[in-house]
Protein chains: 2
Amino acid sequence: MDMPDWVASVDPCDADCPSRDLLDLIGDRWSLLIMLVIGQGFHRNGEIRRRVGGISQKMLTQTLRALEANGLVARHDFATVPPHVEYRLTPLGVSLGHAVGPMFQWIEASYPAVLRARAAYAARQAQAA
Amino acid sequence: MDMPDWVASVDPCDADCPSRDLLDLIGDRWSLLIMLVIGQGFHRNGEIRRRVGGISQKMLTQTLRALEANGLVARHDFATVPPHVEYRLTPLGVSLGHAVGPMFQWIEASYPAVLRARAAYAARQAQAA
DNA sequence: CTGAATCCGCTTGGATACTG
DNA sequence: CAGTATCCAAGCGGATTCAG
């Protein structure tokens with residue numbers, strides 16, 4: 001099996017396995033996209049919401065709270081009026097950003113291959129029917 | 001901003017952005033875990049189901065179909081009786097495995113830090129209340 | 001501008017029973 | 001063993017409204 005060595009150390013059976021826990025956090029629809037946008041230099045609620053197309057205010061707040069609670073994002077409330085709040089990646093958040101870099105690069109690079117695979121699969125299904 | 005350079009090229013606003021599409025596939029609760037287990041050498045339905053604790057037969061089949069449809073996993077039906085079906089990672093699937101390696105390593109390495117951040121956040125909340 | 005709160009439809013996903 | 005089909009409860013998440 002030509003998978004990387006680290007796979008041997010991951011045991012998805014184990015409820016203690018951090019994979020389950022953290023995959024629930026960063027493996028949802030919005031978390032990584034939001035961290036990405038913050039990393040691109042958009043720090044304010046409205047900026048992020050406009051930049052991450054299709055997200056609702058509810059999900060944005062909810063996801064930001066979760067990221068904050070897990071130490072990936074820091075929330076700075078300037079306590080002014082009108083309100084001014086900025087979100088920044090913590091060092092931990094930045095390190096995660098680097099860790100998911102290869103995955104995003106894979107997505108960019110492999111998207112055509114995935115699209116081809118989908119077409120081939122659809123063709124096989126149509127033929128079988 | 002000390003985020004990697006590749007972030008600049010990702011635009012989550014763009015509906016065409018492959019990130020949205022593929023994150024929906026591999027960013028769910030089971031896909032990566034299943035690919036991991038297959039990569040560890042468990043190729044049969046029952047093996048995988050027992051190894052990925054807590055997964056239902058329905059979700060296993062559903063996820064395997066999605067992975068197959070996207071070219072990440074190959075399904076081999078030996079057409080025997082009793083049935084014998086094996087799932088293998090495709091080369092594309094193996095390449096994804098390598099791409100998510102750093103993320104899993106980050107999870108293993110950073111889990112204590114996340115746990116500490118959670119505790120600190122909970123303490124802050126309790127104090128505020 | 002930031003964000004909390006409510007309502008509610010729809011999807012997700014588990015349990016169960018059944019087929020080849 | 002592998003997989004499908006049906007039922008159904010829980011909760012995700014959007015739209016809207018209100019507050020500081």
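Heavy atoms only: backbone and side chains are in, while hydrogens, waters and symmetry mates are out. Naming: A, B, ... by sequence-line order, numbering from 1 per chain.
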What are the two closest heavy atoms between [X] and [Y], and how far apart are they?
{"X": "A:P102", "Y": "A:A99", "answer": "CD-O, 3.5 Å"}
{"X": "B:D77", "Y": "B:A79", "answer": "OD1-N, 2.8 Å"}
{"X": "B:H43", "Y": "B:I38", "answer": "CE1-O, 3.7 Å"}

Counting just side-chain N and O atoms, does [X] come under 4.0 Å of either OP1 or OP2 of [N]?
{"X": "A:Y87", "N": "C:dG3", "answer": "yes"}
{"X": "B:R44", "N": "D:dA2", "answer": "yes"}
{"X": "B:R65", "N": "D:dG3", "answer": "yes"}
{"X": "B:R75", "N": "D:dG3", "answer": "yes"}

Euclidean distance, atom [atom1] of residue [X] to atom [atom2] of [N] [Å, nearest integer]:
{"X": "B:I55", "N": "D:dA2", "atom1": "CD1", "atom2": "C1'", "value": "14 Å"}
{"X": "B:R29", "N": "D:dC12", "atom1": "CZ", "atom2": "P", "value": "9 Å"}
{"X": "B:K58", "N": "D:dA5", "atom1": "NZ", "atom2": "C1'", "value": "9 Å"}
{"X": "A:M59", "N": "C:dC10", "atom1": "CE", "atom2": "C1'", "value": "15 Å"}
{"X": "A:D28", "N": "D:dG11", "atom1": "CG", "atom2": "P", "value": "17 Å"}
{"X": "A:Q62", "N": "C:dG3", "atom1": "CD", "atom2": "C1'", "value": "13 Å"}
{"X": "A:F42", "N": "C:dC1", "atom1": "CZ", "atom2": "C1'", "value": "18 Å"}
{"X": "B:L60", "N": "C:dT12", "atom1": "CG", "atom2": "P", "value": "17 Å"}

Subject >> Test: A:R118 and B:D21 ion pair at under 4.0 Å >> reply: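 Salt bridge flag = yes for B:D21 with A:R118.
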Original post:
Are the charged groups of A:R88 and A:E86 less than 4.0 angstrom apart, N to O?
Top reply: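 Salt bridge: yes.
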Original post:
5'-most contact on DNA chain D: A:W30 or A:P82, nearest heavy atom basis?
Top reply: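 The answer here is A:W30.
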Original post:
Where the side chain of B:V85 is defined as all heavy atoms beyond and including C-beta, which of D:dG20, D:dA2, C:dG3 is the nearest nucleotide?
Top reply: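 Side chain of B:V85 sits closest to D:dA2.
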